[in-house]
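Order of listing sets the numbers, starting from 1, for every ligand and every atom in it.
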Amino acid sequence: MLPIPVKRRKKESPTPNDLHAPPGLFPGLCIFLVERRMGAARRGFLTALAQRKGFTVAPEFSDGVTHVVSEQNSLDEVLSWLERKTGRAGQCAGEQRSPHYLDISWFTESMSSGRPVSVEDRHCLQGIMPAPSSDKADLSTIQPYGCQRRTPLIHHNAQITDVLEILARAASFQGSEVRQLGFTRAASVLKSLPFPLQSAKEAEDLPMCGGHCKAVIREILEDGVCREAEELKASEHYQCMELFTSIFGVGVQTAERWYKDGARNLKDLQGLNLKLTEEQRAGLEHFTDLRLPVTLGEADRIEDLVRGALQKFVPDIQITMTGGFRRGKQQGHDVDFLITHPDDSTLTGLLKNAVDWMDSKGLLLYQHMKKRSHAPPRTNKGGMDGHETCYAIFALPASNVEESKSEVPGVSLNGSCASDVPSHDWRAVRVDLVVTPHSEYPYALLGWTGSKHFERELRRFTWDKKKLTLNSHGLHDAGKKCFISATSEEDIFTYLGLQYVPPSDRNA
Ligand code: UTP
Ligand code: MN
């Protein structure tokens, strides 16, 4: 859940003064994001993104708004939606003091530039949505594997992919990996489209998209909602599974067992007298902190702490932040680091020494070390990741915690919201520290950058097309019984005959 909308929602009907967001870096500019078709979650995400970059985003529409930004809406649709929401007629373009009515393209370009780009005709909403233009990519040319496509973080079909991802999650909660993959693959294709899907007819031509997915897409395009997803979201099973699987160390099977045993909220878990793993115990203890997104700023502070600890033992140690942050995400559920050095001998005992040192300084709330157990990638799925790893929960000192965090209401054990400010002067953050020999570093970097679906597709492609097995240790040729060495990620793509996909386009 994102901090700003949560806090604003607590207020009853806002007074005009409430409608003005705090001033940002660009005086005179005030963005309003239209929730219609965008959805609350994406609106919250985009709001937080813009605010971090210094843009002023108004929570409500008011006279002070200068740029109204919407996604997949015509000007007519936005104006009548605003009229319904505010009870007054939206000003039409051309009227005095009228805001700009803009497509999301203006917003994404401004975020990439770090400043508001000037408004051009192509950014402005049209009276009615333009018919799909002929310069759109021919859908039949879409590449079948996610690793063959470019998938940016911010894309054009979020309203649809959000729903498909709910259906994918629900399928995984029901134990159906096949259906989960089906929904995930369809969502991934839509994320890679360089334009918004606008008609059911277009959806008909989408590859990697079965009948169920097409029906869902049609429903969203025509009605704006998907009844199946709405019902799932409202169901007790889905909500409980979401809650339980969000606990560190709890997978779908454990969550399902708890649900079957009658647990419906976190407090019930105590009543069940469960045998919890150390990991789950720590996950429950720090549940409120861990469910808050980690910001990029906080991830940078954690990197400083980790680097400082490692450098006490190996001054020229190499450390790289991977996972979602390397793909350009501004928030994550954890922070992932890869640690390596050209001289492998310096790595022996390093992680344990650094972790013990951080522990002695009170920086760790939990840690679990996994020894290196290198299993060569022999199966078509690539096998297990056997790097030496520390799964940790850091106590990030409060001076490094971004301010908005302490204002976010937590969740108490009975599942209700508690607005009390935490009594401790740190926030818990999940961190994975992974040590890799230098020769395996490019594979580990590729494997730990994700996204999970990109990795799954890369391994599927590698097996289907090259009969090689890939994991985060290497690429194995079972026929020739040899490993293929690589000095960079680019090397690996080249060897596989794939065009290089930069991390920012691996959000499959
Ligand atoms: P994460 O689960 O951390 O996801 O795994 P993420 O993309 O960073 O997203 P958030 O923001 O934290 O939720 C990062 C990558 O590391 C790989 C996963 O496959 C994923 O691609 N990974 C994770 C492993 O290879 N092994 C593991 O044990 C865990
Ligand atoms: Mn991560």
S.K.: Is any NZ, NE, NH1 or NH2 atom of the basic residue among R301 and D304 found under 4.0 Å from an Asp or Glu carboxylate oxygen of the other?
M.R.: yes
S.K.: Only N/O/S atoms count here: what is the atom of D334 closest to the Mn ion (ligand 2) called?
M.R.: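 Answer by atom name: OD1.
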S.K.: Mind checking whether the Mn ion (ligand 2) has an N, O or S of D432 under 2.8 Å?
M.R.: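 Checking the Mn ion (ligand 2) against D432, no N, O or S atom falls under 2.8 Å.
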S.K.: Give the numbers and elements of all ligand 1 atoms closer than 4.0 Å to a heavy atom of E455.
M.R.: 21 (O)
S.K.: Centres of the H438 and H341 rings: under 6.0 Å?
M.R.: no
S.K.: Is G447 in contact with ligand 1, taking contact as a heavy-atom separation below 4.0 Å?
M.R.: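 So G447 counts as touching ligand 1.
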S.K.: Within 45° of the six-membered ring axis of F394 and under 6.0 Å from that ring's centre, is NZ or CZ of R430 located there?
M.R.: no
S.K.: What is the nearest protein non-hydrogen atom to atom 10 (P) of ligand 1, stated with its residue, atom name and distance?
M.R.: H333 ND1, 3.3 Å
S.K.: For the side chain of E455 and the backbone of G450, is there at least one donor-acceptor N/O pair under 3.5 Å apart?
M.R.: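 The answer is yes, because a donor-acceptor pair under 3.5 Å joins these two groups.
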S.K.: For ligand 1, which atoms sit closer than 4.0 Å to a heavy atom of D334?
M.R.: 3 (O), 12 (O)
S.K.: Give yes if a backbone or side-chain nitrogen or oxygen of D336 is under 3.5 Å from a nitrogen or oxygen of ligand 1, and no if not.
M.R.: yes
S.K.: Using a heavy-atom cut-off of under 4.0 Å, does the side chain or the backbone of D432 touch ligand 1, or both, or neither?
M.R.: neither
S.K.: So, is the end of the K467 side chain (NZ or CZ) under 6.0 Å from the ring centre of W463 and within 45° of the ring's axis?
M.R.: yes
S.K.: Between K452 and ligand 1, which residue portion shows a heavy-atom distance shorter than 4.0 Å: side chain, backbone, both, or neither?
M.R.: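 The answer is both.
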S.K.: Walk me through whether D385 and W448 qualify under side-chain hydrogen bond (donor to acceptor under 3.5 Å, both in side chains).
M.R.: CA-CA 10 Å; D385 178 337; W448 277 83; 2.8 Å; yes
